[in-house]
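Quick notes on the structure that follows.
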Amino acid sequence: EQVMDHFMNPRNMGEIENASGVGTVGNAKCGDIMRIYIKVENGVITDVKFKTFGCGAAIATSSKATELVMGKTLDEALAITNKMVTESLGGLPAVKLHCSVLAEEALHEAIKNYKERLGAGEISA
Ligand code: FES
């Protein structure tokens with residue numbers, strides 16, 4: 001039910017202009033792609049959006065993942081796993097579990113991208 005809700009009414013879909021970090025990952029199993037944008041202020045994720053060329057389960061898990069990381073510190077966000085996301089959605093069929101990994105990986109990439117840009121002096125904290 002929750003999966004269908006997040007699939008039909010995804011939260012935080014879209015992109016962020018002037019994002020602090022962007023992460024894009026592909027799923028080797030199905031070829032689907034996920035991109036996550038984060039806005040970071042004082043070490044806290046103040047905005048997060050996602051875009052995907054993916055299936056319903058990928059959309060639902062990304063939607064839930066963006067809800068879970070909003071307002072979190074980077075360390076707290078990094079601690080959120082695809083398992084926590086699927087559990088908070090009430091579970092996913094086993095064949096769809098690989099879809100939930102996309103959101104976690106894209107989020108990690110976005111945080112990595114943010115840290116790299118910060119380190120390179122491209123953006124300020
Ligand atoms: Fe590709 Fe779900 S089938 S992300």
Side-chain angles (χ1 to χ4, degrees):
E1 207 170 287
Q2 274 227 59
V3 176
M4 282 311 286
D5 178 36
H6 277 267
F7 169 52
M8 303 296 275
N9 311 293
R11 329 297 198 256
N12 307 312
M13 195 136 86
E15 38 187 297
I16 299 175
E17 248 182 87
N18 301 320
S20 311
V22 182
T24 308
V25 293
N27 189 318
K29 284 197 182 177
C30 60
D32 290 344
I33 293 170
M34 166 82 54
R35 180 168 293 162
I36 285 188
Y37 302 79
I38 54 171
K39 187 92 196 155
V40 182
E41 283 165 88
N42 300 317
V44 171
I45 296 180
T46 54
D47 199 9
V48 50
K49 292 219 175 351
F50 77 94
K51 267 187 158 178
T52 183
F53 297 99
C55 68
I59 292 171
T61 47
S62 310
S63 167
K64 190 69 191 184
T66 58
E67 269 193 354
L68 292 177
V69 301
M70 192 81 82
K72 296 279 194 301
T73 66
L74 295 180
D75 284 342
E76 286 167 345
L78 283 172
I80 291 171
T81 62
N82 70 307
K83 195 161 173 267
M84 289 157 75
V85 174
T86 50
E87 272 169 11
S88 70
L89 280 171
L92 273 179
V95 290
K96 285 283 165 193
L97 277 180
H98 74 271
C99 316
S100 70
V101 179
L102 272 184
E104 180 189 323
E105 286 181 352
L107 179 69
H108 284 197
E109 280 300 313
I111 291 175
K112 198 172 124 208
N113 177 241
Y114 163 73
K115 288 182 173 169
E116 281 168 3
R117 296 180 65 199
L118 197 60
E122 283 176 37
I123 48 173
S124 53

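All ligand and atom numbering here is 1-based and tracks the order in the structure. For reference, positions follow the sequence shown, starting with 1.
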Would you kindly say whether Arg11 and Ser63 are connected by a side-chain donor-acceptor distance under 3.5 Å?
-> no
Ligand 1 contacted by Met34 (non-hydrogen, < 4.0 Å) | no
Inspect the surroundings of CD in Glu122 and state if more than 12 heavy atoms from other residues, nucleotides or ligands are less than 6.0 Å away.
-> yes
What distance separates Leu107 CG from Leu102 CG, expressed to the nearest 0.5 Å?
-> 12.0 Å
Counting only N and O atoms by type, is there a donor-acceptor contact under 3.5 Å from the side chain of Arg35 to the main-chain atoms of Val22?
-> no
Total protein N/O/S atoms whose distance from atom 1 (Fe) of ligand 1 is less than 2.8 Å | 2
Can you measure from NZ (Lys72) to CD1 (Ile38) and round to the nearest 0.5 angstrom?
-> 14.0 Å
Members besides Val101 in its Ile/Leu/Val/Met/Phe/Trp/Tyr cluster (side-chain heavy atoms under 4.5 Å) | none
